Each structure stands twice: as C-alpha cells, then as structure tokens.
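Since this is a predicted model, take the numbers as computed values, not measurements.
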Amino acid sequence: MKLILKIDSSNTHSKAPASRMKRKAFFALIFRLCLGMLLPLALFSCTQNDSNPDTAKGDRKPRVVATSTIIADLTQEVAGDEIQLSGILKPGTDPHVYEPVPADSRVLEEADLILYNGYNLEPGLIKLMKASGGKARQLAVGEVVKPLQLEKGKGEVVPDPHVWGSAENAIAMVNATRDALIKLSPEDQEQFTQNALQLTNELKQLHSWINQQIQTIPAPQRKLVTTHDAFQYYARAYGIAIAGTLIGISTEEQPSAQTVQRLVESIKKIGVPAIFAETTINPALIKTVAQEAGVKLAPHPLYSDSIGAKGSDGDSYIKMMEANTRSIVEALGGKYTPFKSVNSKQ
C-alpha cells in the first residue's frame, strides 16, 4: 500500500507541469495565428491610407488664406463649407501696421490660394507672402477695382486701398473671389456661383439702402471728418463729402501739432455737428481734436480697416457697412431706418 501511494503521488505531480506546458503551447499557437491574420490587414490598411490622396493630405478641402477680415468674411460667404479658410488678421487689427509672426509664414506656405487686398493695404503681409516658398495662387482681390488716386505727401500719389467702402466695389470683389474659388475647386462651381449670386443681390440692396440713408442728412451737414483717410470710396458712392482727416490713407503716419491745429480750425469753419473715431485706431488724439474744435465725437466709432469682433454690430461686411451708416446718419442729423434685406441671414 505504501508503495502504491508513493507511485500515485509521484504521477500526480509529474502530470501537472506537462499540462501547463501544453496549455502554454496552445495559447502561443493561437496568438501566432491571430497575429498572422491581423498583420496583413494592418499592412493593407496602411498601404491604402498612403495611397489615398485624401488621407495623405488631410481632409483635402482646399486651403485658402485671406489676409484681411473683410476679405475673409466675403470669402466665407461665397465658399461656404467647401474650403478650409484661414484669416490671418483678427477683428480690430490694423492691416497697415500689422507685423507678421512665424505662424503666418507657415499658413501662407501651406495655402492653395491666397486672397489679399492689395494696393499696399497690408504691406507686412504682402512682403511675407511674396517671399514665402509656397506654390499658392495669389489674388489681390481689392485690385479688381480701379483705385482712387490720393496724395500721400510731398507730391507722391498712391492708390487708395480702401476699395470696400462702396458696396458696388464689394460686388466686384465677390465675383473675383468666386472665379478664383472655381479655378481652385471646379467641382464646387455650382455652390460657389449660387452663394455669390445671393451675396451680390444683398449687396445691391445694401448699396441702395445706404444712398437712401445718407440723403436723410441735411445737405449742409453731409460732411465727414475721420481719424484717417479711409472713407473716400464711401463718400463718393453715397454723396457725402470728406471734410477732413487727422492722418492720410495709412495709419503709419504721425500727425504733427500743426496738422492737428489745422484740422481743429477747419472743423470750426465747416460747422459739422460731429466727427468720428475708428475702431482700429487709438481714439485719444481725435478726442482731443473734438474737444478743441467744440464738436461732439460720435458715440459709435466707424469700422474702417476691419470688421468687428464676433457678436458686435459690425461682425460681417454687411453689418459693418450698416453700422457705419447708422453712426454717420444719426451723428450728422439724419433719420436712420434699419437695413432689411430679402436674402439677409441676420
């Protein structure tokens, strides 16, 4: 009995390790089989991703860069969701004096299309754009409009870059943007065309509305005094005179004490009820001019070189033009009626 017990005990302990070894071998075999099936699938998937241009290049919506906020807004209206749009300048930023940062260079280099104003509105960005190594097509959207020629000083005459001051000019900019987008993405031609048509119809209504609003200002008071010379197109399109500006077409200029005094005296002579600050320029100096001339500074500054921040009364091109017209009409003694467009999304 002792011998039998000893033999049984020995057999029990010798079978356990053998069983564990078999289980390990079984699981190892299963693992190798699974790996053998999954690896080709993974390699196939990687090969497919690499050969798919949509995956290799990201979402593959065309990359469009707009320099100014005004051009970015008009472009977004025309393009809808068919492009990946990047606007370099933020609302309230002055394009005349903006100094590019390294991130701007990267955005420009990766672009398929660059839309900028031109006529040297954004000199820092234009210089960077021309020097960038990208292969993007470049379109000066503002330069589709024949410019007004203004004196810069010392007899130098330069094109006025503030072409969007007339809604009719904005229509020309929209059509040029539409055509550039169609060349970039022909398959979206129908969408771009439809969006542009809707926007231009609204701009035509806006143009007529602004004319009607300015006409409500008493004729002797249809005179505009602003911080810098950014409203020549607006004035000529809508029948209001530019009676004076603190500085010229570029905000880089620094007015002298004599310039300030001359403007003060001019304001006293013409007898305007109010003068205007601008959203992209420090209002301190124009406030001083208003105080010394004994006139009111309009309560709402004008949007000159940029649309307003999101949620403001000027956060799109159309709303910016409406807000400016309201400020001018109310400050100069006219009667303001809100703009209502048949196609308005507001």
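Using modelled atom types, one finds no donor on one side chain facing an acceptor on the other under 3.5 Å when comparing Thr325 with Gln213. Donor-acceptor pairing under 3.5 Å is lacking for the side chains of Asp73 and Ser316. For the residue pair Gln194 / Glu190, no side-chain donor-acceptor distance below 3.5 Å is found, with atom types taken as modelled. The closest side-chain donor-acceptor pair between Glu187 and Ser185 falls under 3.5 angstrom. For Asn201 and Gln205, the side-chain atoms include no donor-acceptor pair closer than 3.5 Å. Side-chain polar atoms of Asp160 and His162 form a donor-acceptor pair below 3.5 angstrom.
Residues in residues 291-303 take part in these side-chain hydrogen bond (donor to acceptor under 3.5 Å, both in side chains) pairs, two or more places apart or across chains: Tyr303-Asp313. Every pair tested for ring pair (Phe, Tyr, Trp, His ring centres under 6.0 Å) that includes a residue from residues 98-145 fails, sequence neighbours excluded, so the list is empty.
Within the model, atoms OG of Ser132 and CG of Leu125 stand 11.0 Å from one another, a figure rounded to the nearest 0.5 Å.
For an aromatic pair to be called close, the ring centres must be under 6.0 Å apart, and His207 with Trp209 fails this.
A salt bridge does not link Arg326 to Glu322: none of the charged nitrogens lies less than 4.0 Å from a carboxylate oxygen.
With hydrogens and angles disregarded, no donor-acceptor distance shorter than 3.5 Å links the side chain of Gln84 to the backbone of Val64. Listed for the Asp112 side chain is no donor-acceptor partner under 3.5 Å among the backbone atoms of Ala136.
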